[in-house]
Amino acid sequence: MKSTVTLFAVTLALTLSFGAAAQNKRDYHVDVYDAGCKTCHDQGMKRFPSDEACLQCHSMDEVAQQTERHGEEARQNPHDSMHYGKEAPCQECHGEHTAKKALCQECHNFDYPKFK
């Protein structure tokens, strides 16, 4: 009986925690949520989406152009960097259901005021 109650409690906790994470949604992806989780979670629900899943909707050239900087900050484009070019994995910086820190900020103190 005790193991059944414990199993139920663990299952309930996991269900609620997954539900809470799934509720933390980005306003700009509202249309994608309506299409279902597997639209992005192409590698299964327990894994992060692949870059290919992100690139179904986002063009890396367009994203790099949108985050382009000028003057002294010209080399601080996170989507076209000195280190990774346009090849940095999306999930290294971006998290849909939980906030993440930009990969560049592991070593640099660049300010990305529009970072999502």
Side-chain angles (χ1 to χ4, degrees):
M1 177 69 176
K2 186 176 180 179
S3 63
T4 303
V5 171
T6 304
L7 180 61
F8 175 75
V10 169
T11 303
L12 180 62
L14 288 173
T15 302
L16 292 175
S17 67
F18 178 75
Q23 296 304 314
N24 187 7
K25 299 176 180 180
R26 308 288 183 169
D27 293 341
Y28 48 85
H29 281 154
V30 128
D31 294 337
V32 178
Y33 298 130
D34 292 340
C37 300
K38 290 183 180 181
T39 302
C40 296
H41 285 273
D42 59 339
Q43 302 184 100
M45 293 304 297
K46 294 183 179 185
R47 298 194 60 197
F48 287 121
S50 68
D51 285 348
E52 290 76 23
C54 299
L55 296 173
Q56 289 180 74
C57 299
H58 301 279
S59 160
M60 187 50 72
D61 289 332
E62 288 177 16
V63 172
Q65 186 176 13
Q66 290 171 357
T67 56
E68 183 178 32
R69 293 172 165 225
H70 303 282
E72 291 180 23
E73 298 178 342
R75 294 183 154 195
Q76 297 177 13
N77 187 338
H79 298 106
D80 190 7
S81 76
M82 295 174 57
H83 304 293
Y84 300 102
K86 295 179 184 176
E87 302 295 322
C90 304
Q91 295 299 319
E92 285 295 323
C93 300
H94 301 283
E96 185 66 20
H97 304 297
T98 57
K100 285 187 145 184
K101 183 178 175 180
L103 179 63
C104 302
Q105 293 174 326
E106 293 292 325
C107 299
H108 302 284
N109 61 359
F110 303 146
D111 184 29
Y112 297 123
K114 296 182 182 178
F115 179 74
K116 299 176 184 176

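All values below were derived from every heavy atom in this structure, side-chain atoms included, with hydrogens, water molecules and symmetry-related copies excluded. This is a predicted model, so every value here is computed, not measured.
Annotation: the span from M60 atom CE to C90 atom SG amounts to 4.5 Å, rounded to 0.5 Å. Atom NE2 of residue H41 and atom CD of residue E96 lie 8.0 Å apart, to the nearest 0.5 angstrom. Rounded to the nearest 0.5 angstrom, E68 CD and H79 NE2 are separated by 13.0 Å. The structure places OG1 of T39 at 8.0 Å from CD of Q56, a figure rounded to the nearest 0.5 Å. The line from NE2 of H83 to NE2 of H108 is 3.5 Å long, rounded to the nearest 0.5 Å. Distance OH/Y112 to CD/Q76: 6.0 Å, rounded to 0.5 Å.
Following chains of ILVMFWY side-chain contacts shorter than 4.5 Å, one can reach F110 starting from F115, so the two form part of one hydrophobic cluster.
Scanning all heavy atoms of the two residues, the minimum distance from Q91 to P49 falls at CG-O, 3.6 Å. For the pair S50 and Q43, the tightest heavy-atom approach, listed with the atom from each and the gap, is N-NE2, 3.4 Å. The two residues C40 and A53 have their closest heavy-atom pair at O-CB, 3.3 Å.
Remark: E73 pairs with R69 by the salt bridge (Lys or Arg N to Asp or Glu O under 4.0 Å) rule, at least two apart or across chains.
Within 6.0 Å of the CD atom in E87, the count of heavy atoms belonging to other residues, nucleotides or ligands does not exceed 12. A 6.0 Å sphere centred on CD of Q65 holds no more than 12 heavy atoms belonging to other residues, nucleotides or ligands.
Classification of the H29-H58 ring pair by plane angle, with boundaries at 30° and 60°, yields perpendicular.
Remark: K100 is positioned above the aromatic ring of F48, its terminal NZ or CZ atom under 6.0 angstrom from the ring centre and at most 45 degrees off the axis.
Listed by first then second residue, pairs satisfying salt bridge (charged side-chain N to carboxylate O under 4.0 Å, His left out) with a partner in residues 48-66 read D61-K86, not counting sequence neighbours.
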